[in-house]
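Since the structure comes first, as structure tokens, the remarks are kept for the end.
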Protein chains: 2
Amino acid sequence: MKLTPLSQSLVLHFGEMGSRWGLNRTLGQMYAVIVLTEAPLNADQISEALQISRSNVSMGLKELKSWNLIKLQHIPGDRKEYFTAPEDVWEIAKTLLVERRKRELDPTLTSLRDALVQEPSSSEDVYAQQRIREMHDLMEMISSWSGELENMSSGKLATLLTLGSGLSKILEAKDRLLNK
Amino acid sequence: MKLTPLSQSLVLHFGEMGSRWGLNRTLGQMYAVIVLTEAPLNADQISEALQISRSNVSMGLKELKSWNLIKLQHIPGDRKEYFTAPEDVWEIAKTLLVERRKRELDPTLTSLRDALVQEPSSSEDVYAQQRIREMHDLMEMISSWSGELENMSSGKLATLLTLGSGLSKILEAKDRLLNK
DNA sequence: CTGAATTTTCAGTAATTTCTGAAAATTATA
DNA sequence: TATAATTTTCAGAAATTACTGAAAATTCAG
């Protein structure tokens, strides 16, 4: 499989961004190819398109599966496994939100809780625990809020995101809206 | 400067999470020390607390400055530079949001726009551009919405995050109100 | 079952990133 | 403005992460 120049350049860009997105270069490139190609792809095709080894593709696919970013398909009469990305980009965004929360927030929440139940051994510890408390409360809020978004339909999410500067106004009107 | 066991264990955790947060281990550890310590710290103190070289601290501080995560202070009668973290964790969160948007979204938005103005050279390109359009619109929405959050006061942000499941209800109420 | 097709694993290697010490640059006091 | 204190830079070393090819494991048609 050969990529068109258009896809090629985006694939390279996704590769460069991969590491910033918590993946890595190959994973970024692999996902770009899968997203930008209409037909389901098998490992050999990905390997050829990106010029990387078959085993590297295997490891990458494993990782993309663990992120729930790809869907496995079978093509009648072919024993190979084929992969596609969800059709709805909102689904993809939600999945990324879920997974990043799991990886970037949840472990720290646990760690912060552990620190909060320790007995402070000095005045430094008392101060540290204050800050830990603040961080914990903030992260917990973000985490539960993110859980909220994860359970919204794509349509509702779109509504929310389109609000733009209307958001502030709605917050002001919140009490009225909820008849409080 | 020696860390208490309480701080020590959180510093290690922040180090482990550092790379997942788009920083790296040392940067995560450095920031933990600065956040958890009440007094402003100088480079030598950080170097000693984390057992890393002075030059490494210098590079780390440079990076933390570029993220706008630390504030420089001077202590009368001392030529060294001292650093603290913002007192308000909400400020820190907002800064992280701003910077991650800049690093993780903006470059890709540019790249997607470039791809959209290209002339498609085949039917594959036509499909790819559809998906690129979807990604672009989604990312643009997220980006502008994130800009919205960045300009909110901490108080308003807290209100928004505390809404929890109320969020859906408010969106519904809004639609009713506007007779949609 | 058998064995060919396919996928996965993994030890070793390659590439990348991070860290250090020494030297250069900057800062500010006397 | 000379010099001592401090910070920054950077080439090479160390550590980490990613990649490969070969072998092992799995899958499935006959």
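Residue numbers begin at 1 in each chain, while the letters A, B, ... track the order of the sequences.
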Contacts of Met59(A) and Asp78(A) projected onto DNA chain C by closest heavy atom; the upstream (5') one is Asp78(A)
### Message
It should be established whether Lys62(B) places a side-chain nitrogen or oxygen under 4.0 Å from OP1 or OP2 of nucleotide dT9(D).
### Response
yes
N/O donor-acceptor pair, side chain Ser53(A) with base dG21(D), under 3.5 angstrom: no
Atom CG of Asp44(A) and atom C1' of dT8(C) are separated, to the nearest Å, by 14 Å
**Request:** Assign Asn56(B) to base, sugar-phosphate, or nothing according to its heavy-atom contacts below 4.0 angstrom with the strands shown.
**Result:** base
Tightest non-hydrogen contact, residues Tyr31(A) and Leu69(A), listed as OH-O, 2.7 Å
From CG of Leu23(A) across to P of dC19(D) the rounded distance in Å is 12 Å
So Ser144(A) and Glu148(A), side chain to side chain donor-acceptor pair (under 3.5 Å) or not? Walk me through it.
CA-CA 6 Å; Ser144(A) 79; Glu148(A) 198 60 34; over 6 Å; no
note: Arg20(B), atom CZ; dT16(D), atom P; distance rounded to Å ~ 16 Å
Between the CZ atom in Arg79(A) and the NE2 atom in His74(A), the distance rounded to the nearest 0.5 Å is 10.0 Å
Counting distance alone, no hydrogens or angles: does the base of dT27(C) have a donor or acceptor under 3.5 Å from a partner atom on the side chain of Arg79(B)? yes
d(Lys94(B) NZ, Glu99(B) CD) to nearest 0.5 Å is 13.5 Å
Review point. When all nucleic acid strands are considered with a 4.0 Å heavy-atom cut-off, which category describes Arg54(A): base, sugar-phosphate, or nothing?
Key: base
Heavy-atom nearest nucleotide on DNA chain D taken for Ser19(B) and for Gln51(A); more 5' hit belongs to Ser19(B)
Separation of dT6(C) atom C1' from Gln45(A) atom CD, nearest Å, is 14 Å
Return no unless some side-chain N or O of Lys65(A) is found under 4.0 Å from OP1 or OP2 of dT8(C). yes
Separation of dT6(D) atom C1' from Leu61(B) atom CG, nearest Å, is 13 Å
Worksheet entry | Distance below 4.0 Å between Thr26(B) side-chain N/O and dC19(C) OP1 or OP2 | yes
Rounded to whole Å, the NZ-P distance (Lys80(A) to dT8(C)) equals 13 Å
Between Glu104(B) and the options Lys102(B), Arg100(B), Arg101(B), the side-chain hydrogen bond (donor to acceptor under 3.5 Å, both in side chains) test singles out Arg100(B)
ask   = Across the strands shown, which category fits Ile52(A) at heavy-atom distances under 4.0 angstrom: base, sugar-phosphate, nothing?
value = sugar-phosphate
Are Ser58(B) and dT9(D) close enough that a side-chain N or O sits under 4.0 Å from OP1 or OP2? no
In whole angstroms, the gap separating P of dA28(C) from CD of Glu81(B) amounts to 8 Å
In whole angstroms, the gap separating P of dT8(C) from CG of Asn42(A) amounts to 12 Å
